[in-house]
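Reviewing the structure listed below.
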Amino acid sequence: MLKTRVHPGRIIVYLILFGIVLYLDYFLQSHFILILTFLFAALPVISLAALPVLIHYVSVSLAVPVPECETGAVSYVELGVRNRSFLLSLDIKIHFRAENAFYGTGQDMVFSFPVRIHDTYKQLIPMRLSRLGRVVYSVDSFRVTDLLGFVELHRKTKQSAEIMVLPSRGAVPGEVNESDLTLGMTESDETNKKGNDFSDVTDVREYIPGDKLMSIHWKLSAKRDILMVKDRSSMSDQQMLLLVDLAGKPAEVDEVLNLGYNVTAKLIESGTYVRLLWWSEGAGEFEERVIDHIANLKEAYKDMYHSTCYQDGELLPGYLKNIRPELKAFVRIVYAEGKAKAQIISLD
């Protein structure tokens, strides 16, 4: 859909200049001034007639070269303008929006570029993202101005790209003691440390619905093009259960996400399996991910960013107890007393 915007001020200035040229032509009777008069008369007609043709051949692209970054780091978004015609414009205004879909906050911007003759113009725009979440960049429309700047034509488009902003690695606060966190294990003794002989593989068989994903033999499954699982003679279910509570204001939830990320990273580096949980407000249920590597943690956070933060998380321990009645305790990362904290929640 095309919409028109007229700039009367520019038209008035042009008419004044045209009047001056006519005045000079009347008194000077110069061939040069006569040619200039014809140019002044013809240029607006050519400029306005070319605009509808030009905008038909102009398109805008949007891309994010690197789809993830750490908070506070400089990332880039690439805006491109392609012109498939031999016409040109000195100005295209692109209506750009950057929105943090996790927090529901956003900012609108307008970028202005030239439209070159039968060319593609690309510009890398630096963005410093100070808040965690899933940042969605979008372009919903653009405006192309005729060569003389009298009229703008508006055209809708639909371009989007997103980037995941992950926490940066840092030291876990001193008040978070890993030995205390072991109280959040689902069993009393630590048998799920990497390197411990907590299970024995006795056979490899085809996958049966209900088998645990962590028992899948991925390499063999890829070779046979069918899911294969490792049969174990014994296997402990012990792992650290860690709930990231997304309740609070954006700045508070940011602190919780940072602490949860670094606590989980510290635990898996020390060899502890972590079952990461968070409440999905939209789905009305807990989301769970088994974390045994930093790559799993990053993917879990990217999934978490498709949820939204909420106001009150005090009922979550009760919900979790109802869903998992076998639980004795878990670790809850929550914003309380003015800071993000790791709490040991006992369900006995």
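- Criterion: ILVMFWY side-chain heavy atoms under 4.5 Å apart, direct or through other members. Under it, Val331 and Leu315 are part of a common hydrophobic cluster.
- When the side chain to side chain donor-acceptor pair (under 3.5 Å) test is applied to Asp108, the partners found at least two apart in sequence or on another chain are Arg97.
- Electrostatic pairing of Glu287 and Lys302 does not count as a salt bridge here, judged by no charged N lying under 4.0 Å from a carboxylate O.
- Comment: Arg275 engages Glu288 in a salt bridge, judged by a side-chain N to carboxylate O separation of less than 4.0 angstrom.
- The backbone N or O of Leu246 sits less than 3.5 Å from a side-chain atom of Tyr310, completing a donor-acceptor pair.
- At a threshold of 4.5 Å between side-chain heavy atoms, the hydrophobic network of Ile, Leu, Val, Met, Phe, Trp and Tyr places Leu15 and Val13 in one connected group.
- Salt-bridge annotation for Lys266 and Glu269: absent, with no side-chain N of the basic residue lying under 4.0 Å from a carboxylate O of the acidic one.
- Leu24 and Tyr14 fall within the same hydrophobic cluster, defined by Ile, Leu, Val, Met, Phe, Trp and Tyr side-chain heavy atoms under 4.5 Å apart, directly or through other members.
- The cluster map of Ile, Leu, Val, Met, Phe, Trp and Tyr, joined by side-chain heavy atoms under 4.5 Å apart, puts Ile55 and Val6 in the same cluster.
- Of the possible polar contacts, one joining the Arg10 side chain to the Gly149 backbone as a donor-acceptor pair under 3.5 Å is found.
- Ser112 and Asp91 are linked by a side-chain donor-acceptor pair at a separation below 3.5 angstrom, with hydrogens and angles left out of the test.
- Residue Leu90 is found in a hydrophobic cluster whose other members, listed by chain and number, are Phe86, Leu88, Ile117, Leu147; membership requires side-chain heavy atoms under 4.5 Å apart, directly or through intermediates.
- Here Trp279 contributes atom CH2 and Leu320 contributes atom CG; the two are 10.0 Å apart, rounded to the nearest 0.5 Å.
- Legend: residues meeting side chain to side chain donor-acceptor pair (under 3.5 Å) with His56, ordered by chain and number and at least two apart, are absent.
- In Glu337, the CD atom is not crowded: 12 or fewer heavy atoms of neighbouring residues, nucleotides or ligands sit closer than 6.0 Å.
- Under a 4.5 Å side-chain heavy-atom cut-off, the cluster of Ile, Leu, Val, Met, Phe, Trp and Tyr residues that includes Leu34 is completed by Phe38.
- Although no hydrogens or angles enter the test, the distance criterion places no donor-acceptor pair under 3.5 Å between the side chain of Thr71 and the main chain of Ser168.
- Annotation: Arg82, atom CZ; neighbour count of heavy atoms from other residues, nucleotides and ligands within 6.0 Å does not exceed 12.
- Put simply, the side chain of Asn262 gets close to the backbone of Asn258: a donor and an acceptor are under 3.5 Å apart.
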Might you work through the side chain to side chain contact (heavy atoms under 4.5 Å, CB included) test for Ser141 and His154, ending with a clear yes or no? CA-CA 7 Å; Ser141 64; His154 174 276; 3.2 Å; yes
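- Screening Ile92, Leu153, Thr157 for a side chain to side chain contact (heavy atoms under 4.5 Å, CB included) with Val58, the sole residue that qualifies is Ile92.
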Candidate pair Leu166 and Tyr305, rule side chain to side chain contact (heavy atoms under 4.5 Å, CB included), full reasoning: CA-CA 10 Å; Leu166 298 170; Tyr305 291 158; 4.1 Å; yes
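- Hydrophobic cluster membership differs between Tyr57 and Ile46, with clusters built from Ile, Leu, Val, Met, Phe, Trp and Tyr side chains linked at under 4.5 angstrom.
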Could you please spell out the steps behind the side chain to side chain contact (heavy atoms under 4.5 Å, CB included) verdict for Ser75 and Val64? CA-CA 9 Å; Ser75 62; Val64 175; over 6 Å; no
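- Here the CD1-CZ distance, from Ile11 to Phe18, works out to 14.0 Å after rounding to the nearest 0.5 Å.
- Heavy-atom minimum distance, Val165 versus Glu70: CG1-C, 4.2 Å.
- At least one donor-acceptor pair under 3.5 Å links the side chain of Tyr301 to the backbone N or O of Tyr261.
- Grouped by direct or indirect side-chain proximity (heavy atoms under 4.5 Å, Ile/Leu/Val/Met/Phe/Trp/Tyr only), Leu124 sits with Val74, Tyr76.
- Through side-chain heavy atoms spaced under 4.5 Å, either directly or across other Ile, Leu, Val, Met, Phe, Trp or Tyr residues, Tyr26 is tied to Tyr23, Phe27.
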Please lay out, stage by stage, how Gln343 and Asp245 fare under the test side chain to side chain contact (heavy atoms under 4.5 Å, CB included). CA-CA 11 Å; Gln343 300 177 341; Asp245 195 334; over 6 Å; no
